[in-house]
Amino acid sequence: MKEQNLIKGVFLVAIGASSFGMLASFVKLAYSHGYTTAEVTLSQVLLGLIGMFIINLIRKKQPNEITATKKDIRNLILAGTSMGFTSVLYYMAVSYIDASIAVVLLMQSVWIGVVIESVVTKQFPSLLKIIAVALILFGTVLATNVLANEIELDYRGVIFGFLASCSFATTMFASNVVANHLAAPKRSLFMLCGATAIVLIFCFITQLGPNNSNAMLSFYQLFTDNTTGIRDFDWSIFYSWGLLLALFGTILPPIFLNMGFPHTGVGLGSIVASIELPVSVTVAFMVLQEQVVLIQWLGILLILSAIFLMNSRLIFKKKQVLT
């Protein structure tokens, strides 16, 4: 029975991570149809919020399920703001660089998470984690192919991609420590409220505000001369790409990951979840025809190996429990 639950957990985590891995390519396609970053992110989080609200309405409440306190709700909404920052920063990165490169930068959240954990716990990382971090950094150099200089890397995309990884690492850390006594759908709903607030602010600053106020337009132009995205909001995004983005980026991943992780444990679950990286690169290669050379696949393999190394003790401990 335990082995069946483990297989079920691996399958669920793989589906959730693969869904998220397809996201960057969908965003690229939405951009190719003329939609802006504000339109893409707002449609995703709003539709995702509505979807998660409906799920919470129709789901059957479990016996002895704990009710969220005001403190729980406040902390989850605050933690959810990092989700909003991740979406905004990641999609801005995708607008400047290839989707296959953007997801490699996003995976830097693994070693950034190690740094955050060390600062919070005030403990120096173990030798195993230091080796894993070194592998991730070296793998990133190969995966982005900067040594051969064959792929054009816009510095803005690299900066936004790295900032997205910092925000994503914060989200992962918060997800493990904030109000984890509550049911997963309920936690996801409140965190999405925080994400939506950030995206609404971003949407107002970068599109709605400058499009309707000369003062906001002048403020916007202090930072960039690119005003191509300043226009009336295109609401068609909500019934076109927004539905797909919300499904694969906001609804399916948290549901499947939260269902699968209790069966796999953190160690094995983290390794299975890293399937997001090869899935994202493969989809970008097949759908967007992005160039992915052999040395990049080697870098991706190194990053995946580092994730396995970081969680190896937890995996073997899980196996001992099962036996």
Side-chain angles (χ1 to χ4, degrees), residues 10 13-14 17 20-21 79 82-83 85-86 89-90 93 97 100-148 151 153 155 157-178 180 257 260-261 264-281 292 294-321:
V10 168
V13 171
F20 196 74
S82 63
M83 290 177 59
F85 281 117
T86 300
L89 293 166
Y90 186 42
I97 57 179
S100 56
I101 301 299
V103 72
V104 170
L105 293 174
L106 186 67
M107 292 301 290
Q108 303 309 299
S109 59
V110 176
W111 68 262
I112 294 171
V114 172
V115 175
I116 293 174
E117 182 185 41
S118 299
V119 172
V120 172
T121 61
K122 297 180 181 178
Q123 293 182 350
F124 196 75
S126 65
L127 178 61
L128 199 65
K129 288 184 178 180
I130 293 174
I131 294 172
V133 167
L135 282 175
I136 290 173
L137 293 175
F138 183 60
T140 301
V141 172
L142 298 180
T144 53
N145 204 19
V146 293
L147 295 178
I151 297 177
L153 290 178
Y155 74 93
V158 173
I159 292 173
F160 286 133
F162 178 72
L163 291 176
S165 69
C166 293
S167 182
F168 191 52
T170 304
T171 301
M172 293 298 100
F173 183 80
S175 297
N176 288 325
V177 298
V178 179
N180 51 18
L257 292 175
F261 263 94
T264 63
V266 177
L268 180 59
S270 298
I271 290 177
V272 176
S274 66
I275 196 175
E276 172 196 339
L277 178 56
V279 165
S280 183
V281 174
V292 185
L294 182 60
I295 195 171
Q296 289 178 268
W297 285 113
L298 179 59
I300 291 168
L301 183 61
L302 278 176
I303 293 173
L304 296 177
S305 301
I307 296 171
F308 177 86
L309 184 64
M310 286 179 66
N311 296 282
S312 57
R313 290 179 180 175
L314 289 171
I315 294 167
F316 294 132
K317 184 178 179 181
K318 180 78 175 180
K319 286 183 178 180
Q320 289 175 0
V321 172

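Just so you know, these numbers use all the heavy atoms, side chains as well, and skip hydrogens, waters and symmetry mates.
- For the residue pair Gly161 and Ala93, the shortest heavy atom distance occurs at N-CB, 3.5 Å.
- With sequence neighbours left out, the side chain to side chain contact (heavy atoms under 4.5 Å, CB included) criterion links Leu163 to Leu89, Ile159.
- Atom OG1 of Thr140 is separated from atom CG of Leu135 by 10.5 Å, given to the nearest 0.5 angstrom.
- You'll find the side chain of Phe20 reaches within 4.5 Å of the side chain of Leu106, heavy atoms only.
- For the residue pair Leu137 and Trp111, the shortest heavy atom distance occurs at CD2-NE1, 3.7 Å.
- Summarising the geometry of Ile97 relative to Ile101, their closest heavy-atom pair is CD1-CG2, 4.1 Å, with the distance given to 0.1 Å.
- Taking CD1 of Ile300 as the reference point, atom OG of Ser305 lies at 11.5 Å (rounded to 0.5 Å).
- When the side chain to side chain contact (heavy atoms under 4.5 Å, CB included) test is applied to Leu298, the partners found at least two apart in sequence or on another chain are Leu142.
- Between the Ser280 side chain and the Gly21 main chain, a donor and an acceptor come within less than 3.5 Å of each other.
- Under the rule for a side chain to side chain donor-acceptor pair (under 3.5 Å), the partners of Thr86 that lie at least two apart in sequence or sit in another chain are Ser167.
- Nearest heavy atoms, Leu105 versus Val158: CD1-CA, 3.8 Å.
- Closest approach of Ser109 to Phe168, counting heavy atoms only: OG-CD2, 3.3 Å.
- Proximity of Cys166 to Ile112: side-chain heavy atoms (C-beta onward) are separated by under 4.5 Å at one or more points.
- Checking Ser100 against Gln296 by side-chain atom types alone, no donor-acceptor pair falls below 3.5 Å.
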